[in-house]
Amino acid sequence: AKGTGKARCVIYSARLGGPPEHDISLEAAMFQAVREGEFLLYYQPIVNAHTRQIQGFETLMRWKHPRLGMVPPARFIPIAETNGLINLLGAWALKAACVRVRRFEQAVRRPLYISVNISPRQFRNDKFLGVLDDALATSGLPGERLLLEITEGTLMVDPVHAEAILSQMAERRARIAIDDFGTGYSSLAYLKRFPISVLKLDRAFVKDLPSSHKDGAICNAVLDLAKHLRLSVVAEGVETEEQLRYLEQRGCQCVQGYLTGKPMPANVAVAALTENQYA
Ligand code: C2E
Ligand code: CA
Ligand code: CA
Ligand code: CA
């Protein structure tokens with residue numbers, strides 16, 4: 001079949017590079033999976049911490065393998081990042097998510113936003129801005145309702161290049177979130193340098209709330225910093241009412257986690273939105 005030659009070439013070079021045998025077969029299966037359409041997008045609600053109204057969704061990729069079942073992104077994203085398949089998968093996800101959120105908006109007749117993870121390699125790819133333009137044009141989604149999630153590491157690899165890309169994104173009015181905030185570089189200088197709108201407070205600082213004094217102090221410090229820099233905060237991995245209340249009382253605008261909704265397929269997301277709309 002078409003494309004197998006390319007896949008095989010990658011498999012051979014991976015074998016020479018020496019990653020474990022298991023990942024090589026997973027990598028080979030990924031090329032097949034792209035052709036077979038085994039990759040899916042799930043959507044996890046991001047809700048207002050006070051009203052619990054759904055404000056938007058984070059797009060999370062899934063791989064439904066016919067034999068292995070759901071392969072977690074923690075397994076396949078790093079491989080896609082290494083072999084470059086992330087550019088293809090990421091471009092598809094960005095466009096599909098922008099189109100999907102327009103349907104969500106139509107279902108509830110109010111604006112929503114969509115958050116999409118952008119990997120370091122995708123961010124650095126020459127074609128990325130073209131992909132972004134295509135996603136916005138095809139969907140008709142206003143740029144300000146697209147949130148691009150990048151990590152601190154992505155910005156710090158080449159800050160000069162990052163600055164140029166971010167200003168291009170800002171020109172399209174797309175907003176930038178720092179994903180896993182607090183787990184990467186300890187430097188905060190980039191908050192001043194780059195046009196960032198949202199901090200996604202990592203689950204690591206949320207999971208032991210409210211009992212952990214250290215995590216409480218970190219959350220307070222992040223919320224305080226965000227307030228003074230006029231950034232909004234989305235707390236990740238909120239699983240309990242106590243965590244939500246703790247964060248909300250300290251000025252956290254939005255939360256995301258199993259408490260207010262797990263990642264779900266698009267049709268389930270529409271049902272969740274419909275139920276949530278008078279909240
Ligand atoms: P992330 O961007 O930090 O995504 C949040 C992860 O936390 C998701 O895992 C989500 O399912 C999980 N999560 C959400 N709420 C809770 C909670 O209350 N408790 C717990 N324990 N976990 C929660 P997931 O879907 O397995 O994704 C893992 C990572 O894979 C993501 O971390 C992201 O780095 C990457 N990823 C997923 N989809 C994409 C994608 O489309 N593109 C790229 N580049 N990376 C992706
Ligand atoms: Ca994310
Ligand atoms: Ca995260
Ligand atoms: Ca993470």
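In this text the structure is predicted, and so the values were computed from the model without any measurement.
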Original post:
Could you walk me through whether Val131 and Trp92 pass the side chain to side chain contact (heavy atoms under 4.5 Å, CB included) check?
Top reply: CA-CA 9 Å; Val131 167; Trp92 161 72; over 6 Å; no
Subject >> Pair Arg245-Glu248, salt bridge (Lys or Arg N to Asp or Glu O under 4.0 Å): steps then yes or no >> reply: CA-CA 5 Å; Arg245 213 171 306 127; Glu248 197 240 316; over 6 Å; no
Original post:
Checking side chain to side chain contact (heavy atoms under 4.5 Å, CB included) for the pair Asn48/Gln253: CA distance, chi angles, key distance, verdict?
Top reply: CA-CA 6 Å; Asn48 179 297; Gln253 298 92 336; 5.8 Å; no
Original post:
Could you walk me through whether Leu132 and Leu129 pass the side chain to side chain contact (heavy atoms under 4.5 Å, CB included) check?
Top reply: CA-CA 5 Å; Leu132 177 60; Leu129 289 170; 4.2 Å; yes
**OP:** Using the side chain to side chain contact (heavy atoms under 4.5 Å, CB included) rule, take Asp134 and Lys95 through it: C-alpha gap first, then chi angles, then the decisive distance, then the call.
**Re:** CA-CA 7 Å; Asp134 182 34; Lys95 191 165 166 173; 2.9 Å; yes
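Counting only heavy atoms from C-beta outward, the side chains of His65 and Met70 never approach each other to under 4.5 Å. Within the 4.5 Å cutoff, the side chain of Ile178 has no heavy atoms near those of the Thr151 side chain. Contact of the Val101 side chain with the Leu141 side chain is registered, since non-hydrogen atoms from C-beta on lie closer than 4.5 Å. The side-chain heavy atoms of Val233 and Phe181, taken from C-beta on, include no pair separated by under 4.5 Å. With a 4.5 Å cut-off on side-chain heavy atoms, Leu146 and Cys98 count as touching. In this structure, the side chains of Ile79 and Leu26 come closer than 4.5 Å at one or more pairs of heavy atoms. Side-chain contact between Cys219 and Arg250 is absent, with no heavy-atom pair separated by less than 4.5 Å. Using a 4.5 Å heavy-atom threshold, the side chains of Leu191 and Leu199 count as touching.
Shown here for Ala135 and Leu94, the closest heavy-atom pair between the two residues is CB-CG, 3.9 Å. Between Asn117 and Thr59, the shortest heavy-atom contact is ND2-O, 3.3 Å. Heavy-atom minimum distance, Thr240 versus Leu259: O-CD2, 3.4 Å. Taking every heavy atom of both residues into account, Glu152 and Asp180 meet most closely at OE1-O, 3.9 Å. Of all non-hydrogen atoms in Leu112 and Arg145, the two that sit nearest each other are O-CD, 3.1 Å. Closest approach of Tyr258 to Pro263, counting heavy atoms only: CE2-CD, 4.2 Å.
Here Ser197 contributes atom OG and Leu148 contributes atom CG; the two are 10.0 Å apart, rounded to the nearest 0.5 Å. Between the CG atom of Asp215 and the CG atom of Leu201 there is a distance of 9.5 Å, given to the nearest 0.5 Å. Rounding to the nearest 0.5 angstrom, the gap separating the CG atom in Leu147 from the OG atom in Ser232 is 8.0 Å. Once rounded to the nearest 0.5 Å, the distance linking CD1 of Ile77 with CG of Leu60 reads 9.5 Å. Summarising the geometry, atom OG belonging to Ser119 is positioned 4.5 Å from atom CD1 belonging to Ile86; distances are rounded to the nearest 0.5 Å. Atom CG of residue Leu155 and atom CD1 of residue Ile165 lie 11.0 Å apart, to the nearest 0.5 angstrom.
Proximity of a side-chain donor or acceptor of Arg100 to a complementary backbone N or O of Ala266 within less than 3.5 Å is not detected. Between the side chain of Ser212 and the backbone N or O of Leu209 there is no donor-acceptor pair closer than 3.5 Å. In this structure a side-chain-to-backbone donor-acceptor pair under 3.5 Å is missing from Glu163 to Val160. Looking at Arg172, its side chain does come within 3.5 Å of a backbone N or O of Gln168 through a donor-acceptor pair. In this structure, Thr154 contributes its side chain and Ile150 its backbone to no donor-acceptor pair below 3.5 Å.
Cluster annotation: Ile118 and Val99 are assigned to distinct hydrophobic clusters (Ile/Leu/Val/Met/Phe/Trp/Tyr, side-chain heavy-atom contacts under 4.5 Å, transitive). Under the 4.5 Å side-chain contact rule for hydrophobic residues, Ile114 and Met61 share a cluster. Hydrophobic clustering of Ile, Leu, Val, Met, Phe, Trp and Tyr side chains at less than 4.5 Å, counting indirect connections, keeps Val206 apart from Val234. Hydrophobic clustering (ILVMFWY, side-chain heavy atoms < 4.5 Å, transitive): Leu244 and Phe205 are in one cluster. Side-chain heavy atoms closer than 4.5 Å link hydrophobic residues (I, L, V, M, F, W, Y) into clusters, and following such links, possibly through other members, connects Met30 to Leu68.
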Please table the atom pairs, donor to acceptor, closer than 3.5 Å between any side-chain atom in residues 37-46 and protein atoms at least two apart or in another chain.
from  : atom 1 : to     : atom 2 : distance (Å)
Glu38 : OE1    : Trp63  : NE1    : 2.9
Gln44 : OE1    : Gln256 : NE2    : 2.9
Gln44 : NE2    : Gly261 : O      : 3.0

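Each salt bridge (charged side-chain N to carboxylate O under 4.0 Å, His left out) pair with one or both residues in residues 107-130, not counting sequence neighbours, would appear here, but there are none.
In this structure, Arg175 satisfies the cation-pi test against Tyr113, with its NZ or CZ atom closer than 6.0 Å to the six-membered ring centre and inside 45 degrees of the ring normal.
No hydrogens or angles considered: nothing links the side chains of Gln53 and Asn276 as a donor-acceptor pair under 3.5 Å. Glu149 and Ser115 are linked by a side-chain donor-acceptor pair at a separation below 3.5 angstrom, with hydrogens and angles left out of the test.
Using a 4.0 Å cut-off between charged nitrogen and carboxylate oxygen, Glu242 and Lys207 do not count as a salt-bridge pair.
Within 6.0 Å of the NE2 atom in His161, the count of heavy atoms belonging to other residues, nucleotides or ligands exceeds 12. The environment of Arg173 atom CZ is sparse: at most 12 non-hydrogen atoms of other residues, nucleotides or ligands sit within 6.0 angstrom.
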